[in-house]
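Heads up: the structure comes next, in structure tokens.
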2 protein chains.
Amino acid sequence: MTQTIEETDHFEPKFNDQGLLPVVTQDAGSGRVLMVAWANREAIAKTLETGEAHYWSRSRRELWHKGATSGHTQKVLRVLADCDQDTLLYEVEQTGAACHTGRPTCFYREVTGAGLKPTE
Amino acid sequence: MTQTIEETDHFEPKFNDQGLLPVVTQDAGSGRVLMVAWANREAIAKTLETGEAHYWSRSRRELWHKGATSGHTQKVLRVLADCDQDTLLYEVEQTGAACHTGRPTCFYREVTGAGLKPTE
């Protein structure tokens, strides 16, 4: 029997033509969405293996162990896949700031008709 | 004075080479991440204008008013931009199921060493 991608228990991440997929990172305690980054196969494997969030840095073109430099690591409690397996969700315990600006989340501005408005 | 992209109040969404950026959709009440989809400039404008979530359907290659067919619309309470303005977050009130499989969220499976495990 063939299982559809929506029902299969086989993890078959669908990467884009650069071998990447988007990852949403959410604080497991507060439910806050902290950031969106990208992962390749290696970053996902490292995340599952170590329990710490790994991504692919598109600007530096290298595996990115979040917090390796800043100390702002993310302990990954669960990794979830979406229905068509082209996006992941990391549920994490964040140490320090998730955003490189020092803010707790990267989503600190609301889009309004009059431009961006800080939310905190 | 030049403001950095991280501090500006000017909304200048950074699209990829297909004119799209990822949108994370979160239930405003429960904090649940419901789905990730894509938006172009028109989808963002329509969302802000109508208060209902619009995306760009990559498979159908058309503007996608979520729920127009299924009735599973999303009332958008806030649109947030991330630090580098290449991702948006829609905070919504979801009517019915967010996922096309009929589940409340697209993220209904956990990635484990033994494959995917349903979470609900």
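Numbers restart at 1 for each chain; the letters A, B, ... are given by sequence-line order, proteins then strands. These values consider heavy atoms only, across backbone and side chains, with no hydrogens, waters or symmetry-generated copies.
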Any [X] side-chain heavy atom under 4.5 Å of [Y] side chain:
X       : Y        : value
B:Arg78 : A:Thr119 : yes
A:Gln26 : B:Gln26  : yes
A:Arg58 : A:Leu20  : yes
B:Ile44 : B:Phe15  : yes
A:Thr50 : A:His65  : no

TODO: In sequence, state the C-alpha distance, the side-chain angles, and the governing distance for A:Glu6 and B:Tyr108, and then conclude on side chain to side chain contact (heavy atoms under 4.5 Å, CB included).
DONE: CA-CA 10 Å; A:Glu6 290 95 343; B:Tyr108 53 85; 3.5 Å; yes
TODO: Among the options B:Ala81, B:Gly31, B:Gly115, B:Cys99, pick out the one with the most heavy-atom pairs lying under 4.5 Å from chain A.
DONE: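 Heavy-atom pair counts peak at B:Ala81.
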TODO: Quick one: closest heavy-atom pair of A:Val76 and A:Glu52, and the distance?
DONE: CG2-C, 3.9 Å
- [ ] Mind listing the closest non-hydrogen atom pair of A:Gln94 and A:Gln74 along with its distance?
- [x] OE1-NE2, 2.7 Å
TODO: Could you list which of residues 83-90 of chain B have a heavy atom closer than 4.5 Å to any heavy atom of chain A, in residue-number order?
DONE: B:Cys83, B:Gln85, B:Asp86, B:Thr87, B:Leu88, B:Leu89
TODO: Enumerate by number any residue of residues 33-43 of chain B whose heavy atoms lie under 4.5 Å from heavy atoms of chain A; in the absence of such residues, state 'none'.
DONE: B:Val33, B:Val36, B:Trp38
TODO: Inspect the contact between A:Glu7 and B:Arg103 and indicate whether a charged nitrogen and a carboxylate oxygen are less than 4.0 angstrom apart.
DONE: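 Salt bridge: yes.
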- [ ] Under 4.5 Å heavy-atom distance to chain B, tell me which part of A:Thr112 shows up: side chain, backbone, both or neither.
- [x] neither
Open item on the list: Between B:Ser30 and chain A, with a heavy-atom cut-off of 4.5 Å, which part of the residue counts as in contact: side chain, backbone, both or neither?
Closed with: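 No part of B:Ser30 comes within 4.5 Å of chain A.
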Open item on the list: Parallel, tilted or perpendicular: which one describes the rings of A:Tyr55 and A:Trp64, with boundaries at 30° and 60°?
Closed with: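 Plane angle between 30° and 60°, so tilted.
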